[in-house]
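Just below is one structure, and these are the notes that go with it.
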Amino acid sequence: GHTHIRQYKQLDSYAVSFEAGHYFDTIGFVGIDLNSFSQPPVFRKVDVNANVQAMVHAVGLTNQANLNTTTGDYIKTEIVRVRNAMNLVQTLG
């Protein structure tokens with residue numbers, strides 16, 4: 001099951017439970033260093049709010065322009081094109 005809340009809990013030395021949140025408000029990342037052969041393993045967790053400025057900071061960049069990629073710009077352009085073609089730009093309600 002799931003609860004739609006941001007939470008992380010280390011259950012024991014070898015297991016963690018992680019839930020990133022709801023409505024894509026959080027990007028969660030859990031890392032396990034399998035190369036260190038530490039016993040028990042070391043778990044690391046980061047919660048990043050799902051917005052551009054938080055992403056820029058999380059990946060250690062100084063500005064938003066450095067976060068963009070050619071592929072990402074292409075996908076963004078295609079999403080806008082399809083939204084316009086399907087007339088999905090009008091706010092209802």
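Only a predicted model underlies this, so the values are computations on that prediction, with no experimental measurement involved. Residues: numbered from 1 along the sequence shown.
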> Is Val82 reachable from Leu88 through a run of I, L, V, M, F, W or Y residues, each pair having side-chain heavy atoms under 4.5 Å apart?
Replying inline: yes
> Is the number of heavy atoms from other residues, nucleotides or ligands under 6.0 Å of Tyr74 OH greater than 12?
Replying inline: no
>> I need the Asn51 CG to Gln64 CD distance, nearest 0.5 Å.
In response: 10.0 Å
> Roughly how far apart are Asn87 CG and Arg83 CZ, rounded to 0.5 Å?
Replying inline: 10.5 Å
>> So, taking the atom named OG in Ser17 and the one named CD in Gln10, what distance separates them when rounded to the nearest 0.5 Å?
In response: 11.0 Å
> Going by heavy atoms in the side chains, are Thr71 and Asp73 under 4.5 Å from each other?
Replying inline: no
>> Using only atom types and a distance under 3.5 Å, with no angle test, would you say the side chain of Asn63 pairs donor to acceptor with the backbone of Ala65?
In response: yes
>> So, taking the atom named CE in Met55 and the one named CG in Asn49, what distance separates them when rounded to the nearest 0.5 Å?
In response: 11.0 Å
> Any link between Val89 and Ile79 through a network of hydrophobic side chains (Ile, Leu, Val, Met, Phe, Trp, Tyr) touching at under 4.5 Å?
Replying inline: no
> Does the side chain of Val52 come within less than 4.5 Å of Leu67's, by heavy atoms?
Replying inline: yes
>> Working to the nearest 0.5 angstrom, can you tell me the gap between Arg81 CZ and Met86 CE?
In response: 11.0 Å
> Can you tell me how far the OG1 atom of Thr70 sits from the CD1 atom of Ile75, to the nearest 0.5 Å?
Replying inline: 11.0 Å
